[in-house]
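Notes for the one structure printed next.
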Amino acid sequence: MKSIIALFLTLVTAISLAQTRTVASYQGEIEIPANPQRIVALLDHMIMLPLYELDANVVGSVGRQWEGQEPYIRGVRALYQQNFADLGVEFVGTAFSADIEKITALNPDLIITYNFGSESLEQLEAIAPTYVIDADKYSYMERFELLAEVTNTTDVFNAKKAHYDERVAEIQAWLTNPADISVAMAMPRPDSAEITLYRDYGAFSQVANDIGFSLPAFFAEQIGESASAKISIEDLASIDADYLFDTFEPNRGDTATSTIERYNSMIPNWCEAVEACREGRYIPLRRTDSFSMSFKALDYVLAQFATHIAARHELYFNE
Amino acid sequence: MVVIRLFNEAFSTRFRPIGLTLMLAGLLIWLGLVAASASLGSFNMNLAEVWQTVIGNAPSAQHELVVWEFRLPRTLVAGLVGALFALSGAMLQNLTRNSLADPSLVGISQGAALAVVTMVIVFPEVSGYWREVSAFAGSLLVALAIRVVAGKGNSLKFILMGIGMAALVSAITSAMLTYGDIDRAMSALAWLAGSINSATWSDVKILSVATAALLILYLVQARSMSPMSLGHEASVGLGVNINMLATTQLVTSVLAAALATAVVGPLGFVGLLAPHITRTMVKTGPANFLLLTALNGALLVLFADLVGRTLFAPVQIAAGLLTSLIGAPFFIWLMLSRKSQL
């Protein structure tokens with residue numbers, strides 16, 4: 001009896017593995033395995049990291065490598081302290097410059113990339129079905145959901161998304177009217193004496209939008225329909241966010257005060273010129289943690305908003 | 001001495017035995033590099049397996065894919081673009097009578113770069129084919145602008161105008177990279193580094209036909225290269241139609257560099273290095289010089305690509321970075337050693 005059941009289960013597994021389905025990719029409709037078992041991810045913090053959280057079957061990923069360092073997966077190392085060896089995932093080259101032969105040697109059944117990837121789609125498709133995410137068409141959360149769909153991990157995605165939605169609702173309940181609070185991400189660029197203003201900053205913007213915070217008028221006006229815009233440091237005083245966020249990258253030797261040093265290198269006493277900073281509402285965040293495509297990144301941003309905005313706003317600013 | 005006379009002596013050239021010997025040696029080295037390039041890489045296979053795959057008995061479908069679709073087109077494209085950059089540099093140096101002339105020093109590569117960065121940042125939905133077309137058009141436009149602005153000035157004026165125009169075009173490119181979407185900018189930077197990893201058989205076909213056609217044009221011009229190197233007056237005195245020859249030399253050198261840049265991106269310094277390597281190897285006639293220079297360019301780029309994709313694999317170093325790493329010190333040495341001629 002046991003052998004019959006084992007045979008039945010083997011057959012069911014084999015049939016499910018052999019099945020394919022058609023999905024709409026950037027380049028048109030493509031045939032992919034119904035349940036991919038050997039996936040190669042061609043962007044670390046926006047493909048490999050979400051696939052790790054979704055428990056998808058990844059065999060290879062691009063990563064980052066600084067001089068003298070071991071290669072690492074941006075996002076996975078920062079948020080989970082895991083590396084290639086821990087995950088049993090092969091390093092297939094750096095982002096935007098993958099080793100096509102290394103990918104071939106892994107014998108993947110699905111390759112996932114973005115429409116801004118620099119690898120040749122023709123070559124990738126010769127190796128395995130290649131799903132190309134259209135970054136211009138889909139939002140952060142839609143892209144996350146698409147990754148779950150093509151890797152057959154929608155159940156995991158739905159469970160995590162439900163938890164995330166609950167936390168968003170929790171913060172919304174603490175605030176009288178989130179739309180009255182303007183929240184923005186801006187980063188100083190000392191090399192060019194400019195400041196980059198963001199409309200779309202990955203996990204940060206997703207959470208801000210989901211809670212219902214507004215984008216400051218100056219940001220909306222400067223950025224227009226783009227994802228970001230640069231302004232001169234001379235326009236510093238125009239930054240009108242109630243809560244101004246910035247990021248630092250510990251991986252490159254940054255500390256939480258590096259952002260302040262960057263502003264100071266351009267304009268000493270800059271903090272006096274920006275209301276949010278003057279009033280103690282300038283908040284530096286860890287860069288990879290607040291940008292990556294990850295439920296843990298979303299949780300990190302939610303926690304920052306809960307602490308720095310929801311609680312404080314009700315305590316000190318809401319009359 | 002081997003003398004070749006064709007088309008009622010419209011084309012005639014002499015090959016010294018040393019020149020022919022060096023060409024044969026160069027071809028053997030090229031074959032060795034082709035064998036190395038076909039058998040080395042992240043996908044493990046030995047030379048015997050490569051040979052089995054080439055003759056149609058591939059050990060696996062993956063072997064067939066790697067050899068036929070990745071390594072062979074890449075190897076051939078590396079050789080062809082190397083030859084084109086080298087020929088372009090040789091012709092520009094003859095035209096300007098200045099040994100510092102190179103497609104990347106006179107704005108041709110920068111024109112292609114601006115065109116491609118514009119396509120990647122502003123029109124991301126456009127396919128790769130149109131990027132190549134725009135790179136080609138960008139090179140031609142910048143070369144034309146330099147020619148028009150420089151007028152009929154001396155070679156130094158042409159070079160300086162080229163450097164100025166290259167700086168202007170590069171500044172616009174940098175602005176687009178700075179203000180464009182970061183992910184697209186990263187993608188454009190990968191192309192700007194000059195990489196051969198996306199080479200396909202269609203690239204091989206286009207480049208083969210173009211290289212063959214341009215090589216014939218170059219060899220036809222070879223006879224006039226010697227008097228041209230003596231200067232304007234001497235060339236006219238020796239019966240050379242200087243205006244027509246200068247135009248032909250400029251057009252063919254721009255075409256060669258534009259085509260190569262369109263396919264693989266800017267490969268710095270190949271056009272500068274290859275002719276100088278040939279000059280240090282042997283003193284020979286112009287036709288032999290051009291053939292040896294093309295061979296040297298092919299060897300240089302093939303070697304750079306092989307090293308770049310295998311040395312730190314799976315990290316891929318673009319061939320353009322390696323040619324620049326070799327070429328930049330060489331350029332400085334050239335500036336210092338020949339400053340009396342500048």
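All values below were derived from every heavy atom in this structure, side-chain atoms included, with hydrogens, water molecules and symmetry-related copies excluded. Chain A is the first sequence line, chain B the second, and so forth, proteins listed ahead of strands; every chain is numbered from 1.
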Quiz prompt | All salt bridge (charged side-chain N to carboxylate O under 4.0 Å, His left out) counterparts of A:Arg64, not counting sequence neighbours | solution = A:Asp44
Quiz item: Does any pair with a residue in residues 47-82 of chain B pass ring pair (Phe, Tyr, Trp, His ring centres under 6.0 Å), and if so which ones, sequence neighbours excluded?
Solution: B:Phe43-B:His63
Quiz item: Is it true that a side-chain atom of A:Glu142 and a backbone atom of A:Ser139 form a donor plus acceptor pair closer than 3.5 Å?
Solution: yes
Quiz item: Under 3.5 Å, side chain of A:Ser290 to main-chain N/O of A:Arg287, donor-acceptor pair present?
Solution: yes
Quiz prompt | A:Tyr140 OH: over 12 foreign heavy atoms closer than 6.0 Å | solution = yes
Could you tabulate the donor-acceptor pairs under 3.5 Å formed by side-chain atoms of residues 225-234 of chain A, not counting sequence neighbours?
residue, atom, partner, partner atom, Å
A:Lys230, NZ, B:Thr178, O, 2.6
A:Ser232, OG, A:Glu234, N, 3.1

Quiz item: Of all the residues in residues 309-329 of chain B, which have a heavy atom that comes within less than 4.5 Å of a heavy atom in chain A?
Solution: B:Arg309, B:Ala313, B:Pro314, B:Val315, B:Gln316
Self-check item: For chain B, the option from A:Glu194, A:Met46, A:Arg189 that forms the most heavy-atom pairs under 4.5 Å
Solution: A:Glu194
Quiz item: Between A:Thr196, A:Asn107, A:Ile127, A:Asp99, which residue shows the highest count of heavy-atom pairs closer than 4.5 Å to chain B?
Solution: A:Asp99
Quiz item: What's the shortest heavy-atom distance between A:Ile47 and A:Ile112, and which atoms?
Solution: CD1-O, 3.5 Å
